[in-house]
Number of protein chains: 2
Amino acid sequence: MSSGATELGRLLMAAHRAFTQQGRARFGEYGLSPARVRLLTVLHRSPDSRMRDLADALGVSGRAITSVVDALESDGLVERKPDAGDRRAFRLTLTDAGLSAIDRIADLQHRISEEIFSGMSAEDRSDLARLLRAYLDTTRDSDAERPA
Amino acid sequence: MSSGATELGRLLMAAHRAFTQQGRARFGEYGLSPARVRLLTVLHRSPDSRMRDLADALGVSGRAITSVVDALESDGLVERKPDAGDRRAFRLTLTDAGLSAIDRIADLQHRISEEIFSGMSAEDRSDLARLLRAYLDTTRDSDAERPA
DNA sequence: TATTGTTATACTCTATAACTATA
DNA sequence: TATAGTTATAGAGTATAACAATA
C-alpha cells in the first residue's frame, strides 16, 4: 500500500481547506485573520512572550511577527512593553480587548467546530483527534532531529 | 465532552501546518507553490477545463485564476486555447512540461508523505485516512445544503 | 560578534470593482 | 442582461537583507 501516505497528505490538505473555508468568514467578521488568531492564542498560552520567541513558536520570520503585532497593537489587542532585562526586546501583553478576543476566539472555534464535525459520530471524532495527536507527536520528534 | 470538537479543529490546523511547512520548501525548489500545484492537479483530473470552472472547483475568485494561469503559462506548464463553442472562454491544457510537473508533484507528494507519516503505524495511517474521508464526506454534504 | 526588532523591498495568494468581448 | 476573462487596485501574510540598538 505504497500510496497510502500520499493519499493521507492529500486528505489532510483537503480537510484543512474545508475547515478553514468555513471558519475564515466567521472570524473575519471580527477582524480575526488566521495569523492574528494564532499569535493571540500562543501569547495567551505564554504570557509576556518576547517577539523573537513568538516567531520561533509560530515558525515564521521575525519580520512577519512585526507586521502582525503592528496590526494587533493598532487594533488595541496587544501591547509592546519594554523588557526589564534586555533593552533590545519587547514583552507582549494582551489588553482587556485582547482577552475579550481570546474569549471570542474560543467561542467561535467551539461553535464552528461543533457545526463542522457534527456529521461525525462521537467515536469517530475522538479517534480522529487521537490519530492527529499521534501524527503531531511524530512530526515534533522529527523536527527535533532536523533543526535545519 | 463538549470541547472535543474544538480540540479537533485545533488539531487539524496544527497537523496541516506541520505538513505544509515540510512540503513548501521542497515544492518551492521547482517553482511549485501550493496554488499552482492545486491548479495543475485539478486540471490534470479535468482536462481542457475552462478558467471559470477551475475557479469554481478551487473555490477561489476568477481573478485569482488569471494570476495563477498567467504564471503557469509563462513557465510553459499550461496553455490557453480558445474554446470552440464560446469565444469569450479559454480551455486550458497541460503542456509536456506541465505533464512532467504533474509527475514531479506526484513523486514529491509521495516522498514527503512517506517521510512525514513514517512515524505512524500502518494501521493508524489507514484509520486516519478513513476518518479524514468520513469528515470530508460530511462537509461535502453540508456544502451542498449551504450553497451561499 | 551575536541578537532583537525594525525598515525597505518584494513575492504569492486572494479579493472587489470596472471593463471588454461575447452570449 | 448575463457571463468569461481581463485590468486596476488593494490587503494579508510571508521572506530576505540591511540596519540600529543593545548584549
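Note that the coordinates shown come from a computational prediction; the quantities given were computed from them, not determined experimentally. Below, read A as the first sequence line, B as the second, and so on, with proteins coming before strands; counting in each chain starts at 1.
- Per the geometry, CZ belonging to A:F27 stands 18 Å off P belonging to D:dA12, to the nearest Å.
- Distance check: A:L54 CG to A:L92 CG gives 5.5 Å after rounding to the nearest 0.5 Å.
- Residue pairs that meet the side chain to side chain donor-acceptor pair (under 3.5 Å) test with at least one member in residues 35-46 of chain A, sequence neighbours left out, are A:R36-A:D75.
- Remark: A:M51 CE to A:R88 CZ distance equals 14.0 Å, nearest 0.5 Å.
- A side chain to side chain donor-acceptor pair (under 3.5 Å) check over residues 52-64 of chain A, counting only residues at least two apart or in different chains, returns the pairs A:R50-A:D53, A:R52-A:D56, A:R63-A:S67.
- Between B:R80 atom CZ and D:dT6 atom C1' the separation is 9 Å, expressed in whole Å.
- When rounded to the nearest whole Å, the span between NZ of A:K81 and C1' of C:dG5 equals 19 Å.
- Here the C1' atom of nucleotide D:dG11 and the CG atom of A:L32 are 16 Å apart, to the nearest Å.
- Rounded to an integer number of Å, the gap from A:I65 CD1 to C:dT7 P is 15 Å.
- One distance of note links CZ of A:F90 with CG of A:D48; it measures 14.0 Å at 0.5 Å rounding.
- The side chain to side chain donor-acceptor pair (under 3.5 Å) check on B:R10 picks up B:E7, with sequence neighbours excluded.
- Between B:L58 atom CG and D:dG5 atom P the separation is 13 Å, expressed in whole Å.
- Listed in residue order, the members of residues 42-54 of chain B having a heavy atom less than 4.0 Å from DNA chain D are B:R50, B:M51, B:R52.
- Judged as a side chain to side chain donor-acceptor pair (under 3.5 Å), the pairs with a partner in residues 91-106 of chain B (not counting sequence neighbours) are, in order, B:D83-B:R91.
- No salt bridge links B:D137 with B:R133; every basic N to acidic carboxylate O contact stays at or beyond 4.0 Å.
- Residue A:R91 is classed as having no contact, given no heavy-atom separation below 4.0 Å to the nucleic acid.
- Rounded to whole angstrom, the span from the CG atom of A:D83 across to the P atom of C:dT3 amounts to 17 Å.
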- Letter by letter from the 5' end, nucleotides 13-23 of chain D scores (B base, S sugar-phosphate only, - none; protein heavy atoms under 4.0 Å) SBBB----BBS

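- Proximity of A:T66 to the phosphate of C:dT6: a side-chain N or O atom is located under 4.0 Å from OP1 or OP2.
- Using the six-membered ring where Trp is involved, B:Y135 and A:F117 have ring planes that are tilted, between 30° and 60° apart.
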